[in-house]
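In what follows, every chain begins at residue 1, and chains take the letters A, B, ... in the order their sequences are listed. Basis for what follows: all heavy atoms, side chains included, without hydrogens, waters or symmetry-related copies.
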Amino acid sequence: MPELPEVETVRQGLAPFLIGSRILRVELRRGDLRFPFPDDFAKNLGGRRIVTLDRRAKYLLAGLDDYRTLVAHLGMSGSFRMEAEPLGAFLFPRNKNPAHDHVVFFLETGRLIYNDPRRFGYMTLASTGALADHPFFAGLGVEPLSNDFNGGMLTRLFAGKTAPLKSALLDQRNIAGLGNIYVCEALHRAGLSPLRAAGDLAGEIGERLACAVRSVLREAIEAGGSSLRDYRQADGSLGYFQHNFRVYDREGQACVGVDCRGTVARRAQNGRSTFYCPSCQI
DNA sequence: CTCGTCCCCTGGGAGC
DNA sequence: TGCTCCCAGGGGACGA
């Protein structure tokens, strides 16, 4: 489900409820998600105050007052929702099967519930100061919305790589936070074929791709992310960037590129669907 | 190292 | 209506 824009949208939605709020207790309804919860996970969270809420790649990071950080990854189908009354109506997305509510955080500000049908998500506690060295983060690539990310660095990053552009962009060790949707969308915006070798980016083309990546991510965050199946914003409302897809899930439809008469195609790369226009992506 | 394939899990939609 | 098959916003473990 969630790529960088969705996680960022969730972060922004949860921040007012979480930052400054104390965790009264945590209820684990099963012992594992993708991985087992660490020993004493719930116990160690009880009584802590959340002081920061950040995002790295597709991870949510809740910094605690004991210099540890609650790390959460939503996998494909994970979602957080906040049930709180101060804002009026209960914030309760109706589409969630309560059988998949796996973790409940009882906060001073309400209940924060983690729901995840496929259980590809995971959570852990890590030392805040050593986060960069944690196995989840040590190998992660550049944040595409950071100042470090631009055409020159992208060209250098991909230099010598024989993997197709699609795979290189999806690889979290290169750029952290892109997923299948936004890779497809960025490549279309840049007019680049997903099949082209990554090492092949000349200077001006690298700049075009970097700009496309940044613009699609920024616009998606602005739109509250993309709601396909399970994704909702933290308050249960839908994102609407899916209405702006140019290629993703548009197989057989007309390319929306200016002056392009092509048709959107789909093919498998690394076991996932790539959507692209063979006419204007070269 | 770098690639591709398979797998984890549940649910929704298409087709018969 | 009900079954089967395919597919899905992620990513880790393999083997070549």
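Comparing C:dG10, B:dT2, B:dC9 by their nearest atom to the side chain of A:H73 picks out C:dG10. The listed nucleotides are C:dG12, B:dG11, C:dG10; the one nearest the side chain of A:F120 is C:dG10.
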Would you tabulate the pairs of protein nitrogen or oxygen atoms and nucleotide nitrogen or oxygen atoms of nucleotides 4-7 of chain B closer than 3.5 angstrom?
unit_1, atom_1, unit_2, atom_2, d
B:dG4, OP2, A:N270, ND2, 3.2

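Counting any heavy atom pair closer than 4.0 Å across all strands shown, A:Q269 reaches no nucleic acid atom. Among the atoms of the strands shown, only primed sugar atoms or phosphate atoms (P, OP1, OP2) are found under 4.0 Å from some heavy atom of A:R266.
Exactly one of A:T274, A:N270, A:D171 qualifies for a side-chain hydrogen bond (donor to acceptor under 3.5 Å, both in side chains) with A:K166. That residue is A:T274.
Across the protein-nucleic acid pair, A:L165 atom CG and B:dT2 atom P stand 16 Å apart, rounded to whole Å. Distance, A:L169 CG to C:dG10 P: 13 Å, rounded to whole Å. Here the C1' atom of nucleotide C:dG11 and the CG atom of A:L4 are 16 Å apart, to the nearest Å. To the nearest angstrom, P of C:dG10 lies 6 Å from CE of A:M76. Regarding A:R34, its CZ atom lies at a distance of 11 Å from the P atom of B:dC9, rounded to whole Å. One interatomic measurement links the two molecules: CD of A:E3 to P of C:dG10, which rounds to 5 Å at whole-angstrom precision.
With a cut-off of 3.5 Å on both pairing distances, B:dC9 has no Watson-Crick or G-U wobble partner at all.
A distance below 6.0 Å separates the ring centres of A:Y122 and A:F136.
The side-chain hydrogen bond (donor to acceptor under 3.5 Å, both in side chains) pairs that include a residue from residues 31-44 of chain A are A:R30-A:D32, where partners are two or more places apart or lie in different chains.
Taking 4.0 angstrom as the limit, A:K58 places a side-chain polar atom (N or O) nearer than this to OP1 or OP2 of C:dG11.
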